[in-house]
Amino acid sequence: MIEFLQSARSYLPILLDGVAITVGLTVAALVLSTALGLLWALMRYSGIGPLVLISKGIVNGVRGIPILVQLFYIYFVLPEFGIDLTAFQAGAIGLGIAYSCYMAENFRAGLEAIDKGQIEAAQSIGMSWGLMMRRVILPQAVRTVLPPYGNTMIMLLKDTSQASVITVAELTMKGQQIATSTFDNITVYTLVALLYLALSVPLIVLASFLERRFAAR
């Protein structure tokens, strides 16, 4: 145990640098995936034929491609077309696009859970589509969306580790670098696992708090 603590003391500063990048990558990808996911869901919910087909095509197409392949394509192939991105930018965009499809399904489930009678009532008093979405549909959909949204946030946090394959120096890559140079696999990967757990627990608590907060309204 003493040896573990001594090693952990020397490894932690390096791993914490990776934690900072992991958090930044998670936040950037979460913002992008939420915005795009809501867009895909609203397109699907609109009932407008072309928009529904485009949304279905994007969601099904992206979900059918592994995240690693998407990251490779964005980081290694797009430069061939003159689009040069840093590893961090490519990771955030790749994860954001990949997770936007899961977000879209979460949002769609929330939207479709709204009682059709409320929509008809809003239309009967002359509400525009945009006003109806802001005042009637979205506030209620949030209650349904929050539990799966919280789970998706945690999955996204853990999947930032996949960005290490395109040289993003996040937590997993930092751990790999230390393990490669020290061969102290037990200590390094135990610390990496504990740090991921420490990052996940606040998200679990936050998701539970928001779920209770909105359920009480």
Atom CD1 in I154, atom CD1 in I204: separation rounded to 0.5 Å?
4.0 Å
Under a side-chain separation threshold of 4.5 Å, the hydrophobic residues clustered together with I65 are V69
Under the rule for side-chain hydrogen bond (donor to acceptor under 3.5 Å, both in side chains), what residues qualify as partners of T86, not counting sequence neighbours?
Q89
Side chains of L111 and V145: does their closest heavy-atom pair fall under 4.5 Å?
no
Would you check if R108 and E105 make a side-chain contact, meaning some heavy-atom pair closer than 4.5 Å?
yes
Can you list every side chain to side chain donor-acceptor pair (under 3.5 Å) pair that touches residues 150-160, not counting sequence neighbours?
Y99-D159, N106-T152, D159-Q162
side-chain hydrogen bond (donor to acceptor under 3.5 Å, both in side chains) with S100: which residues, sequence neighbours excluded?
W40
Across all chains, not counting sequence neighbours, the ring pair (Phe, Tyr, Trp, His ring centres under 6.0 Å) partners of Y189 are none
Output all residues satisfying side-chain hydrogen bond (donor to acceptor under 3.5 Å, both in side chains) with T26, sequence neighbours left out; order by chain, then residue number.
none
When rounded to the nearest 0.5 Å, the distance separating CD1 of I74 from CD1 of I93 is 6.5 Å
M43 pairs by side-chain contact (heavy atoms from CB on, under 4.5 Å) with which of I48, L38, L51?
L51
F72 versus I166: any side-chain heavy-atom pair under 4.5 Å?
yes
May I ask you to list the residues sharing a hydrophobic cluster with V201, side-chain cutoff 4.5 Å, ordered by chain and number?
L197, V205
Considering only Ile, Leu, Val, Met, Phe, Trp and Tyr, and joining two whenever side-chain heavy atoms are under 4.5 Å apart, list the other residues clustered with V52.
none
State, to 0.1 Å, how close T167 and A87 come at their nearest heavy-atom pair, and which atoms those are.
OG1-CB, 3.6 Å
Looking at residues at least two apart in the chain, or sitting in another chain, which of them share a ring pair (Phe, Tyr, Trp, His ring centres under 6.0 Å) with Y73?
none
Gap separating the CG atom of D17 from the CG atom of L12, nearest 0.5 angstrom
11.0 Å
Would M173 and E170 satisfy side-chain contact (heavy atoms from CB on, under 4.5 Å), going step by step from the backbone distance to the final call?
CA-CA 6 Å; M173 173 166 272; E170 44 70 65; 3.5 Å; yes
Would you name the heavy atoms of V62 and C101 that are closest together and state the gap between them?
CB-SG, 3.4 Å
Taking only residues two or more places apart in sequence or in another chain, which ones pass side-chain hydrogen bond (donor to acceptor under 3.5 Å, both in side chains) with T34?
Y149
Nearest heavy-atom neighbours spanning L25 and A92
CD1-N, 3.4 Å
Looking only at heavy atoms, what is the nearest atom pair of S7 and S10, with distance?
O-OG, 2.8 Å
Minimum heavy-atom separation for L71 and G94, please, with both atom names.
CD2-CA, 3.9 Å
Interatomic distance, CG@L206 vs CE@M153, rounded to 0.5 Å, equals 5.5 Å
May I ask whether I67 and L156 are part of the same hydrophobic cluster, defined by side-chain heavy atoms of I, L, V, M, F, W, Y residues being less than 4.5 angstrom apart, directly or through others?
yes
Using the side chain to side chain donor-acceptor pair (under 3.5 Å) rule, collect all pairs that involve residues 176-186, keeping only residues at least two apart or in two chains.
Y11-D184, D184-T187
Are there over 12 heavy-atom neighbours, none belonging to I186, within less than 6.0 Å of that residue's CD1?
no
Applying side chain to side chain contact (heavy atoms under 4.5 Å, CB included), name anything that partners I14, two or more places apart in sequence or on another chain.
K174, I178
To the closest 0.5 Å, what do you measure between CG (L68) and CD (Q70)?
9.5 Å
Identify whether V168 and V77 are in the same connected component of the hydrophobic contact network (ILVMFWY, side-chain heavy atoms under 4.5 Å).
no
dist L95:CG -> M155:CE (nearest 0.5 Å) comes out at 11.5 Å
Regarding Y196 and T172, do their side chains bring together a donor and an acceptor under 3.5 Å, going by distance alone?
yes
Mind checking whether L32 and L85 sit in one hydrophobic cluster, side chains of I, L, V, M, F, W, Y counted as touching below 4.5 Å?
yes
Does any part of the side chain of L171, heavy atoms only, come nearer than 4.5 Å to the side chain of I21, both counted from C-beta?
no
